[in-house]
Amino acid sequence: MSVLIDAAAGVRVCHLRDLEVERGRAALLGDTQIALFLLTDGTVHAVSNLDPYSGANVMSRGIVGTRGEAPTVASPMHKQVFDLRTGLCLETQGRAASALRVWPVAVVDGEVLLTEDGVQ
Amino acid sequence: MDVVVIGAGMVAHRFAESLLSRPEAGVRLTVLGEEQHPPYDRVGLSGHFRGLTPAQLTLDAGVFGDDRAILRTGDPVVRIDRRQRRVQTKAGSTFGYDALVLATGSRAARIAASGADLPGCFVYRTLDDVQGLQAYVERRGRELARPLRGLVIGGGLLGLEAAGALQGLDVACTVIQSSDRLMSAQLDSAGGALLGRLIAQRGIGVRTKARTVRLDADRSGAVAAAQFEDGSFESADVVVFTVGVRAQDALARESGLRTDPWGGVLIDEHCVTSDPRVLAIGEVASFGGKTVGLVAPGYAMAEVAVDVLLGGDAAFPGFDDSAKLKLSGVEVASFGDAMGSTPSCLDVVYADPVAGVYKKLVLSDDAQTLLGGILIGDASAYGALRPLVGAPLGADPVSYLLPEGGALPVSGDLPDSAVVCSCSNVTAGRIRSAVHEDGCRDAAAVKSCTKAGATCGSCVLMVKKIVGTELARLGETVSTALCEHFDLTRRQLFDAVRVSGLSTFSAIIERFGRGRGCDICKPALASILSSLLGAHVLDGELATLQDTNDHVMANLQKDGTYSVVPRMPGGEVTPAGLIAIGRIADDYGLYTKITGGQRIDMFGARLEQLPPIWQRLVDAGFESGQAYGKALRTVKSCVGSTWCRYGVLDSVGMAVSLELRYRGLRAPHKLKVGVSGCARECAEARSKDVGVIATETGWNMYVGGNGGFTPRHAQLLASGLDDDALIRAIDRFFMYYIRTADRLQRTAGWCEDLDGGLEGLRQVIVEDSLGICADLDEAMAAHVDRYEDEWAATLRDPEKLRRFESFVNAADTPDPSLAYVPERGQVRPATPEERAGAVLIAGTVLEVRR
């Protein structure tokens with residue numbers, strides 16, 4: 001998801017170099033946990049760190065990959081696979097459909113920013 | 001549209017799940033439950049006695065994570081105002097609705113006998129009921145200081161289940177049935193009689209034609225005996241009523257909706273009540289003069305109601321009261337017109353009372369159409385037969401009834417309209433369209449797509465057959481590809497990587513695959529590269545391939561924390577070592593437990609706590625252990641000849657040297673070894689991938705034990721080996737397995753698939769029939785040479801340590817969502833209910849120590 005963001009409206013979370021390609025990092029905004037992912041194309045995705053299936057804050061520790069064109073992360077708990085762009089669950093392992101919340105991300109001067117909208 | 005659901009049981013949950021999954025549904029959904037718990041699996045309630053927690057019984061809570069939905073529990077609705085279209089709860093909240101759905105279910109009934117409300121009398125309906133029952137049995141057992149006696153009044157499905165649960169609590173139990181046989185609603189008299197015998201053989205008493213007229217108390221006021229119509233008594237310390245359910249239709253009656261005099265809110269085939277804005281689904285709904293206490297028809301009604309609310313014209317087809325279950329180890333199934341009530345129908349019966357098997361098919365008068373049936377003792381034909389009800393049988397009925405060995409004649413050729421999965425009402429036609437139109441290529445994909453097989457699982461084999469048939473029709477074969485990114489098998493990929501010499505994921509997937517990988521191929525490649533390169537698991541790009549356990553070198557637990565298992569080769573540990581481990585666990589507030597593999601497991605370590613814990617272990621002379629992932633886990637041993645008066649050889653010494661030799665060895669699946677010092681086999685070595693047993697003439701080596709959910713004993717591969725020959729043989733066995741097995745194939749399955757079986761394996765690794773032993777030896781020698789303590793190496797490397805920061809913007813802040821409660825002197829993760837504060841079992845939440 002590409003969203004134009006006014007840099008001034010964003011919340012800085014970390015520097016781009018704090019992230020490792022195709023391996024998530026968790027970030028904390030208040031009590032909300034966010035999972036950040038830097039992909040090989042340089043884009044950064046931010047989704048909820050809370051795995052809706054297990055209830056544990058572990059999404060940042062999942063394996064990053066692809067399903068067709070979709071960039072994905074698999075929950076390390078029970079392997080449900082989510083689309084990093086939309087948060088939708090692509091492989092539910094037989095469970096009900098669910099989704100991760102998605103935050104729009106901007107990278108400005110090497111700083112990773114989340115928008116206030118997403119942060120509220 | 002504002003939709004309000006009264007009731008938060010399984011049917012309400014299915015309704016919410018289905019409604020919210022419809023993209024066109026512009027709805028706001030409010031679900032109001034009377035019980036404190038979020039919707040849970042009432043069918044699986046007895047699992048509570050096998051140790052399932054309320055949280056594990058809870059149905060997918062993700063449904064209510066949706067912004068459009070609110071779930072409110074513990075607040076019953078007390079009034080429906082149909083004129084103003086709003087409902088009011090006991091706590092005083094009101095909710096307006098455009099559409100109201102009644103899913104209030106039913107209540108368990110007690111018999112109308114005096115004393116039915118005495119302490120010690122229970123019903124078996126809700127989580128609170130079974131928790132109360134369990135607590136009472138435990139308390140009463142302590143008070144009376146003797147084994148308890150229990151009575152289950154009512155010998156239907158639920159009664160037998162409750163009896164099994166009581167038996168599991170060590171209560172000597174008798175089932176009391178007023179009619180002449182158990183499960184009289186589902187079984188004929190021959191079937192009921194056989195079931196009674198089978199249940200009695202399993203230690204549960206059965207008393208039929210016994211009508212309970214009174215329950216008596218002892219001096220403490222608790223129930224102590226039951227008296228029957230014929231004047232006889234049974235003593236009882238606990239009584240469970242399973243005499244049926246009554247629709248909870250009081251709210252509906254009070255609001256003036258039409259109800260059945262026998263109970264239940266009247267609905268039409270669209271699940272609409274006498275008020276077009278009010279629907280009723282599940283056990284509270286009366287359709288065609290009938291209410292049914294099974295979840296499958298309730299699920300079907302939930303789907304109908306969703307469709308109708310969104311403008312569709314789905315119709316409820318009527319009740320399917322088929323049931324298959326396992327009661328105290330006895331399989332029982334009943335489906336369709338089991339009792340043969342259709343005029344001039346025919347029965348085909350197979351009965352073997354000695355083997356405890358009774359099977360009956362009910363057929364139309366021309367013997368062509370299946371109407372129903374009963375299967376007791378062996379219900380394996382249920383999955384194939386139930387979908388055929390109402391359809392031509394297409395084969396000699398006898399072929400379905402003969403004992404196992406006679407293959408079932410059913411292929412994937414069911415008519416499209418046949419319901420294959422009755423839990424989710426999925427037809428054969430829907431499964432076919434999942435293959436043809438939705439692109440599903442295996443049963444797992446069909447399960448995700450249609451929910452077929454997702455609830456009780458009894459139809460999964462049937463689903464697989466249909467999928468296989470359809471794929472064959474499409475000219476496709478079942479794929480052996482690793483995943484969508486690699487067309488190769490693991491073995492082919494291993495060879496491709498070895499021969500090409502490529503050493504990075506990016507280069508390998510570019511040359512041999514496509515996309516950027518997934519949770520299947522990445523860990524498989526991590527394991528292959530580990531075997532070939534021996535690099536540290538967190539070196540460079542390798543780190544991104546690791547599943548979470550390998551990535552943080554500890555075991556992920558259910559709340560997202562990890563457990564640490566210090567390496568203790570052979571299970572040997574010094575008192576000083578024990579004290580050091582105890583201090584670490586105490587300082588970090590970790591829950592400790594002895595594992596099945598003779599190690600000490602410390603639970604509850606947060607990501608950012610792992611490095612300091614490892615540092616403490618390193619300082620105390622330990623490394624952590626690969627007690628996780630696909631690698632050598634442990635080498636278990638008995639005490640051996642050094643201390644044991646029967647020991648023949650030094651099993652501890654051998655176990656220590658084997659564990660040190662193979663530590664860090666990555667494989668297609670986890671590996672375990674056991675070493676016993678004599679034939680008494682105290683290390684249970686033959687349940688391991690490699691089992692070693694000492695004899696007077698040397699070590700005997702067994703291979704291919706265990707195998708997970710189909711366990712096997714290891715088989716003798718070589719005998720009378722000296723130490724060096726033993727180690728050489730294990731080296732070759734492991735390395736040959738690592739190089740040739742499929743992904744997640746355990747040694748048990750791998751041994752079975754080998755050409756020439758065990759003798760062929762013996763020729764390869766003992767007699768070197770393929771001439772590859774030098775390569776295998778060299779590969780293992782390389783592994784042993786380059787082994788390093790991965791945890792100590794991580795502690796030395798600041799780049800690797802950054803991966804253990806809890807948050808990128810708050811490196812040492814603990815995960816704020818973690819909460820623990822005390823249990824038996826330690827801590828465990830709090831359940832969702834405890835977090836919500838609704839059911840706080842143990843006072844305050846313990847603060848996690850820094």
Side-chain angles (χ1 to χ4, degrees), chain A residues 11-15 18-34 36 39-40 48-58 60-77 79-81 89-99 101 112, chain B residues 13-14 17-18 20-21 55 59-63 65-67 444-445 447-448 451 453-454 483-485 505-506 514-523 541 543-549 551-552 556-561 607 802-803 805-810 813 815-818 829 832 835:
Chain A
V11 171
R12 179 191 179 278
V13 191
C14 64
H15 201 278
D18 294 329
L19 302 179
E20 187 178 0
V21 175
E22 291 189 346
R23 197 74 215 193
R25 287 297 296 272
L28 195 58
L29 291 175
D31 268 356
T32 304
Q33 299 191 31
I34 293 165
L36 299 171
L39 304 185
T40 49
S48 167
N49 197 32
L50 184 72
D51 173 7
Y53 292 97
S54 69
N57 280 283
V58 294
S60 58
R61 298 176 231 157
I63 289 182
V64 174
T66 55
R67 281 283 194 284
E69 296 298 305
T72 58
V73 62
S75 165
M77 199 65 78
K79 311 296 180 205
Q80 277 86 10
V81 176
C89 187
L90 304 179
E91 169 49 69
T92 63
Q93 306 292 348
R95 306 280 302 276
S98 192
R101 189 168 165 196
V112 177
Chain B
H13 185 269
R14 170 57 70 91
E17 185 182 16
S18 177
L20 296 172
S21 72
L59 297 171
D60 177 18
V63 169
D66 193 300
D67 290 341
K447 181 164 86 173
S448 289
K451 287 194 192 307
C483 62
E484 73 170 61
H485 306 100
F505 174 76
S506 292
R514 64 187 78 84
R516 287 298 301 173
C518 65
D519 57 300
I520 293 170
C521 60
K522 279 185 163 179
E541 205 192 40
T544 71
L545 307 183
Q546 310 291 351
D547 218 338
T548 188
N549 284 356
H551 192 246
V552 309
L556 179 67
Q557 302 298 337
K558 63 187 288 182
D559 66 345
T561 62
L607 192 62
R802 288 181 57 217
R803 300 200 173 98
E805 293 171 358
S806 54
F807 297 102
V808 66
N809 55 352
T813 303
D815 176 345
S817 70
L818 297 173
R835 290 163 174 278

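Here is the naming used below: chain letters follow the sequence lines, and residue numbers restart at 1 for every chain. The figures here come from the full heavy-atom set of this structure, side chains too, leaving out hydrogens, waters and symmetry mates.
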Going from [atom1] on [X] to [atom2] on [Y], what distance comes out if it is rounded to the nearest 0.5 angstrom?
X	Y	atom1	atom2	result
A:Thr72	B:Asp519	OG1	CG	7.5 Å
A:Ser60	B:Leu607	OG	CG	8.0 Å
A:Arg23	B:Arg803	CZ	CZ	8.5 Å
A:Leu28	B:Asp815	CG	CG	8.5 Å

Checking heavy atoms, do the side chain of [X], its backbone, both or neither come under 4.5 Å from chain B?
X	answer
A:Thr40	side chain
A:Ala74	side chain
A:Val13	both
A:Leu36	side chain
A:Arg61	both
A:Glu20	side chain

Please classify the contact of [X] with chain A as side chain, backbone, both or neither, using a heavy-atom distance under 4.5 Å.
X	result
B:Ser18	neither
B:Ala543	both
B:Leu545	backbone

Does A:Glu22 come within less than 4.0 Å of B:Lys522, counting only side-chain N to carboxylate O?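 Counted as a salt bridge, because a side-chain N and a carboxylate O are separated by less than 4.0 Å.
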Are the charged groups of A:Arg101 and B:Asp67 less than 4.0 angstrom apart, N to O?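 Between B:Asp67 and A:Arg101 there is no salt bridge, as every charged N stays at least 4.0 Å from the carboxylate O atoms.
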So, does A:Thr66 use its side chain to make a donor-acceptor pair with the main chain of B:Arg516 at under 3.5 Å? yes
Is it the case that the side chain of B:Asp559 and the backbone of A:Ala56 share a donor-acceptor pair, with hydrogens and angles ignored and the cut-off at 3.5 Å? no
Tell me the closest heavy-atom pair linking [X] and [Y], and the distance in Å.
X	Y	result
B:Gln557	A:Met77	O-CE, 3.4 Å
B:Pro816	A:Asp31	CB-OD1, 3.9 Å
B:Asn809	A:Ala27	OD1-CA, 3.6 Å
A:Asn57	B:Ser817	ND2-OG, 2.7 Å
A:Pro76	B:Leu556	O-CD2, 3.7 Å

Any idea which of B:Thr544, B:Thr561, B:Val63, B:Asn549 has the most non-hydrogen atom pairs under 4.5 angstrom with chain A? B:Thr544
Residue, of B:His485, B:Arg514, B:Glu541, that accumulates the most heavy atom pairs under 4.5 Å with chain A: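 Of the options given, most contacts go to B:His485.
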Do B:Cys518 and A:Val81 touch side chain to side chain, with heavy atoms closer than 4.5 Å? no
Is it true that, when you exclude A:Lys79 itself, more than 12 heavy atoms of the residues, nucleotides or ligands shown sit nearer than 6.0 Å to its NZ? yes
